Amino acid sequence: MPVEEFVAGWISGAVGLVLGHPFDTVKVRLQTQTAYRGIVDCVVKTYRHESLLGFFKGMSFPIVSIAVVNSVLFGVYSNTLLALTATSHQERRAQPPSYTQVFIAGCTGGFLQACCLAPFDLVKVRLQNQTEPRAQLGSPPPRYRGPVHCVASIFREEGPRGLFRGAWALMLRDTPPLGLYFVTYEWLCRQSTPDGQNPSSATVLVAGGFAGTTSWMIATPLDVIKSRMQMAGLKQREYRGVLDCIVSSARQEGLGVFFRGLTINSARAFPVNAVTFLSYEYLLHSWA
Ligand SMILES: C[N+](C)(C)CCCC[C@H](N)C(=O)O
């Protein structure tokens, strides 16, 4: 099982995360809180109340987890293709896999990375939703002092299963859209690359960006549900499951609720995934 895809996935994921985390924080707040009138209002209030650091809340954990998660995603994707087509990453330029094989490999990687991501994503969302300003005299302390305290509190208050709150919604959010993610990337690369050659950096950037944007546009409704289920029991009501969350959210706030964060998800996804794919391809090419 080639290891370099896992390492390249790790590094490329971390690079993309730092670039995209502020977008992600605004998105999570728009999806789970009613305190903001829109993206600009959320950005202004966050900056005014919490300074620039407010946009990077909850990032320390994902820096570690995105390494694991992106490593699993790209490593499992590439090795599933190896199992399906008996070709390595380099050989696949000359012998491209079918889009069905790419979709299956992407879904496999998407499902397994979601299993790894669930506890980390829960902690990220809980910390991102803490809107108290940095510790000031007299201001109420936030519920969680940091990622480790958050894990300990969830474990104590909600039990070990509490760390996987929202996991089913996360798996539904990630599995088909990540299959589509890799199909979009492969299709765009092949449209602008002569057979048997490696795509240019510009092609990789554009294909990676559109792959990320397409995937996030498809995934946003379940991303809203996932975030709400992760916050349930704290500020939000408890839900009896994914379907209950979907029905009660639609009943209380209308169908538009499922597209909260779509704009910011799409805006964030293009640069983040352009950089992620470019660094991934660059690392594999330099290690070939
Ligand atoms: C499946 N879903 C759309 C949720 C994610 C697809 C892209 C994942 C990428 N690491 C990023 O953070 O953008």
Side-chain angles (χ1 to χ4, degrees), residues 5-6 8-28 31 56 58-59 61-78 102-103 105-118 120-122 124-125 128 166-186 188 204-205 207-230 242 258-281:
E5 281 93 332
F6 286 96
W10 178 327
I11 298 168
S12 59
V15 171
L17 174 86
V18 174
L19 188 64
H21 196 76
F23 293 85
D24 188 64
T25 298
V26 171
K27 180 255 318 212
V28 163
Q31 289 179 335
F56 290 92
M59 191 177 82
F61 226 42
I63 276 281
V64 174
S65 64
I66 197 70
V68 174
V69 166
N70 227 57
S71 169
V72 167
L73 174 62
F74 281 88
V76 169
Y77 166 72
S78 192
V102 170
F103 183 75
C107 288
T108 307
F111 177 78
L112 292 176
Q113 64 89 44
C115 297
C116 304
L117 175 62
F120 295 106
D121 194 62
L122 171 72
K124 174 188 75 77
V125 167
Q128 285 175 314
W168 284 119
L170 180 67
M171 290 170 193
L172 288 171
R173 182 201 77 168
D174 282 6
T175 302
L178 278 166
L180 183 69
Y181 177 72
F182 285 104
V183 166
T184 304
Y185 176 71
E186 279 296 320
L188 286 171
V204 169
L205 281 169
F210 276 111
T213 300
T214 307
S215 182
W216 273 107
M217 289 176 80
I218 302 287
T220 290
L222 266 168
D223 189 41
V224 172
I225 297 303
K226 181 269 307 177
S227 299
R228 290 179 161 220
M229 297 208 51
Q230 289 170 327
V242 175
F258 299 119
F259 298 96
R260 276 225 197 124
L262 177 66
T263 306
I264 194 111
N265 264 342
S266 307
R268 167 199 170 279
F270 196 96
V272 166
N273 291 281
V275 165
T276 297
F277 271 104
L278 184 66
S279 37
Y280 177 73
E281 294 282 6

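Basis for what follows: all heavy atoms, side chains included, without hydrogens, waters or symmetry-related copies. Model, not experiment: these values are computed from the prediction. Both counts, for ligands and for their atoms, begin at 1 and track the order of listing.
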If we count only N and O atoms by modelled type, under 3.5 Å, do the side chains of N273 and Y181 hold a donor and an acceptor together? yes
Any idea which atoms of ligand 1 are less than 4.0 Å away from a heavy-atom of N70? 10 (N)
Considering the heavy atoms of L178, write down every atom of ligand 1 situated less than 4.0 Å from one of them. 1 (C), 6 (C)
Check whether any side-chain heavy atom of T220 lies under 4.5 Å from a side-chain heavy atom of K27, and answer yes or no. no
Should the proximity of L17 to ligand 1, defined as any heavy atom under 4.0 Å, be assigned to the side chain, the backbone, both, or neither? neither
Ligand 1 N/O within reach of R268 N/O, cut-off under 3.5 Å: yes
Which atom pair, heavy atoms only, marks the closest approach of L205 to A274? O-CB, 3.2 Å
D174: numbered ligand 1 atoms lying under 4.0 Å from its heavy atoms: 1 (C), 2 (N), 4 (C)
What protein heavy atom lies closest to atom 13 (O) of ligand 1? Include the residue and the distance to one decimal. W216 NE1, 2.8 Å
What pairs with F270 under ring pair (Phe, Tyr, Trp, His ring centres under 6.0 Å), at least two apart in sequence or on another chain? F210
Checking a contact table here: which protein heavy atom is nearest atom 9 (C) of ligand 1, and how many Å away? N273 OD1, 3.3 Å
Numbering as shown, the atoms of ligand 1 that approach S215 to under 4.0 Å (heavy-atom distance): 1 (C), 2 (N), 3 (C), 6 (C)
Check G208 against Y185 and note the closest heavy-atom contact, atom names and distance. N-CD1, 3.6 Å
By number and element, which atoms of ligand 1 are closer than 4.0 Å to a non-hydrogen atom of A219? 3 (C)
If you measure every N/O of R173 against every N/O of ligand 1, is any gap under 3.5 Å? no
Note: Q31 and R260 closest approach over all heavy atoms is NE2-O, 3.2 Å
Nearest heavy-atom pair of E5 and S78: which atoms, and what distance? OE2-OG, 2.8 Å
